[in-house]
Amino acid sequence: MATEKDLREIAKATGVPLVELQLAAGIIPDAPTTIEGAKKLYWSAPRDSEAQKLAYKKWSEFSKEEIYKVSNAKQAKKALGNVPPHSSYSTWAFLRWIDLCATIEETREAYHSIPSDTRERERLENTAVWKIAGFYKTEDELTALANSCGGPIRNAALTKLDRLAAQKVERVSTVEEAERICMEAEHDSEVQKAASSRWSELSLQEIEKAVTVDDIWKALEKAPAFTETQATGLRKWAGLCTTIEQAKEAHGKTRDRNDLEPATLQKWINLCTTVAEVQEVFGYVADWNDDNQSAAFEKWDRLSLKEVEKATTIEMAWEVYEHSPDDGESKKAAHDKWTELWVLKVKEVKTVEEIRKIVNDPDSKAPFRVRTAMYDVWNTLSLQEVEKATTVEEVQAAYENTSGGSDESQKAALKKWMGFYNTTRKIGAVYKANINNWSIKNAAFKRWIDLCSTTKEATAAYKVASGEDNRQLALLKIIELEQKG
């Protein structure tokens with residue numbers, strides 16, 4: 001068997017590499033001392049042999065060292081070519097190559113060298129295209145790049161253009177210009193985001209400088225809607241706004257601004273101190289299903305309850321009732337107070353003339369149960385007048401002062417009135433004289449029949465009787481007298 005010495009002499013004499021002779025003789029060669037030696041040993045050694053494993057290890061060490069030492073793109077490209085197969089150093093070497101590219105051409109070469117089957121392709125492409133885009137500094141250069149390329153390079157150019165525009169936005173000095181850029185920019189682009197931020201920043205500066213209601217409102221109208229900047233402005237405005245007039249004026253400016261109107265309505269509600277004031281603002285919140293509607297209703301109800309307490313007359317209580325919120329606690333309280341005052345007023349009435357004037361007042365809006373009480377009082381006072389009457393004229397006057405219908409006082413007046421007539425002739429005259437008043441007519445006829453003592457008198461009454469009941473009464477009297485007769 002050949003020895004190591006024999007193999008060296010053969011290698012020297014034939015020019016065949018010693019490592020190949022060693023491998024052929026089954027001798028593990030010495031560890032390679034160069035990357036080329038490691039590569040040669042790796043590819044020459046049997047697959048998965050100890051020699052191949054040793055070669056791969058040394059190859060990796062030399063490759064790592066080489067990558068560390070590269071200082072330009074050419075060296076990095078070479079180092080990438082020396083990376084062992086299936087080594088994680090490939091990505092590192094590629095990144096070093098891209099990083100060390102000093103020209104667009106070098107970078108493009110690296111970009112186009114990225115394998116399509118590598119797992120790190122997206123990462124490497126992104127790094128390369130951004131390196132390429134980095135060589136273009138102006139908008140014109142980037143626009144030209146975007147127009148001349150496609151795919152990732154074009155996207156990088158467009159993104160960088162967007163960022164350049166966003167940087168320009170940061171130098172905008174007016175709210176109006178920032179708002180314009182924000183409104184015109186592509187949705188969710190870098191420019192729009194930058195413009196939105198600058199818009200809020202400049203608006204906040206104006207809000208902070210505002211010292212009057214007018215100043216703060218001018219700043220608010222230009223602030224971005226539904227933002228913390230706007231909320232800050234609204235809080236400051238609410239602190240400066242101290243009158244109903246200011247709140248109403250602000251609300252008038254926000255009728256078409258859903259972002260601002262609720263806040264102005266809330267302040268308006270808070271400033272209301274009278275029912276009339278809160279009624280006015282309620283007209284604007286009635287169609288809103290929100291906290292402002294509830295707040296306005298509660299304040300209206302609360303202020304109305306205070307007015308109920310102040311009401312000392314029927315008119316005042318009715319006024320509160322009319323202007324209190326439907327379904328509110330104050331509505332019932334006002335109605336109760338109004339009724340209570342009516343009851344007191346009716347109790348204080350002393351004469352029929354007074355009660356009749358109250359009952360017949362066309363403007364009276366007394367509640368139903370009070371009107372019932374009024375008629376009870378009227379009846380009582382009329383009875384007193386009837387009892388005091390001592391002549392036909394006085395009884396007749398008392399009758400005319402009754403409330404009408406068939407109440408007790410009217411019946412008593414008629415009975416007493418008719419009692420003054422003691423002959424059929426006189427009572428018959430009363431009956432005939434009251435053609436259109438059926439109450440008097442019937443009472444007189446009944447008295448007439450009571451006074452009849454002969455069939456002739458009863459028959460005379462029957463002949464002029466009106467109504468079936470009266471004729472029946474007369475016939476029964478005739479029969480009665482005939483039977484006695």
Side-chain angles (χ1 to χ4, degrees), residues 126 129-150 152-243 245-268 284:
N126 284 339
V129 295
W130 278 104
K131 182 66 180 278
I132 292 170
F135 288 105
Y136 298 83
K137 306 298 182 183
T138 67
E139 288 185 20
D140 289 343
E141 290 174 346
L142 287 164
T143 301
L145 177 63
N147 291 336
S148 63
C149 298
I153 294 178
R154 172 181 169 79
N155 293 338
L158 292 174
T159 302
K160 191 167 183 182
L161 274 171
D162 210 19
R163 290 178 181 175
L164 282 177
Q167 290 173 4
K168 290 176 65 176
V169 169
E170 294 175 1
R171 297 191 290 274
V172 169
S173 59
T174 67
V175 173
E176 292 78 5
E177 181 65 8
E179 179 183 5
R180 183 190 66 76
I181 295 173
C182 184
M183 293 296 102
E184 294 177 356
E186 184 180 348
H187 176 67
D188 209 30
S189 64
E190 293 292 329
V191 174
Q192 188 182 63
K193 292 175 183 177
S196 177
S197 177
R198 186 61 175 162
W199 183 7
S200 290
E201 181 183 347
L202 293 171
S203 291
L204 188 59
Q205 290 174 9
E206 291 197 3
I207 288 169
E208 289 172 348
K209 288 187 289 187
V211 294
T212 67
V213 169
D214 288 341
D215 291 341
I216 190 65
W217 201 256
K218 287 177 183 177
L220 266 175
E221 288 181 318
K222 295 186 290 183
F226 303 110
T227 62
E228 183 56 33
T229 297
Q230 186 187 63
T232 299
L234 285 170
R235 286 192 291 270
K236 186 168 184 178
W237 167 77
L240 293 173
C241 180
T242 57
T243 68
E245 289 69 27
Q246 289 174 331
K248 287 169 67 175
E249 182 181 0
H251 177 252
K253 297 175 181 178
T254 63
R255 293 298 304 280
D256 58 347
R257 291 284 299 269
N258 289 341
D259 55 323
L260 295 175
E261 187 180 16
T264 59
L265 285 170
Q266 182 182 44
K267 185 62 179 181
W268 187 355
Y284 292 103

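This structure is a prediction, so every number in the text was calculated from the model and none was measured.
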Mind checking the [atom1]-[atom2] spacing from [X] to [Y]? Nearest 0.5 Å is all I need.
X	Y	atom1	atom2	answer
K236	L220	NZ	CG	10.0 Å
K222	Q230	NZ	CD	14.5 Å
R235	E228	CZ	CD	5.0 Å
Q205	S173	CD	OG	10.0 Å
K267	T242	NZ	OG1	8.0 Å

Correct closest heavy-atom pair for V213 and L240 would be CG2-O, 3.4 Å
Heavy-atom closest pair (G233 atom, I216 atom, distance to 0.1 Å) is O-CG1, 3.7 Å
Here the ring pair (Phe, Tyr, Trp, His ring centres under 6.0 Å) pairs for residues 203-223, sequence neighbours left out, are W217-W237
*Step by step, work out the side chain to side chain contact (heavy atoms under 4.5 Å, CB included) result for R154 and N147.*
CA-CA 7 Å; R154 172 181 169 79; N147 291 336; 4.3 Å; yes
Check: E261 main-chain N/O paired with T264 side-chain donor or acceptor under 3.5 Å = yes
**Request:** Give a yes or no on whether the backbone of T174 and the side-chain of E177 come within a donor-acceptor separation of less than 3.5 Å.
**Result:** no
Should the pair H251 and Y284 be assigned to parallel (<30°), tilted (30 to 60°) or perpendicular (>60°) ring geometry? perpendicular
With sequence neighbours excluded, tell me which residues meet side chain to side chain donor-acceptor pair (under 3.5 Å) with [X].
X	answer
E208	none
E201	R198
T229	none
T212	D215

Give every donor-acceptor pair under 3.5 Å between a side-chain atom in residues 185-192 and any protein atom, sequence neighbours left out.
| unit_1 | atom_1 | unit_2 | atom_2 | d |
| --- | --- | --- | --- | --- |
| S189 | OG | E186 | O | 2.7 |
| S189 | OG | Q192 | N | 3.2 |
| Q192 | OE1 | D188 | N | 2.7 |

Between W199 and the options E176, E179, R180, the side-chain contact (heavy atoms from CB on, under 4.5 Å) test singles out E179
Do the non-hydrogen side-chain atoms of P224 and S196 ever get within less than 4.5 Å of each other? no
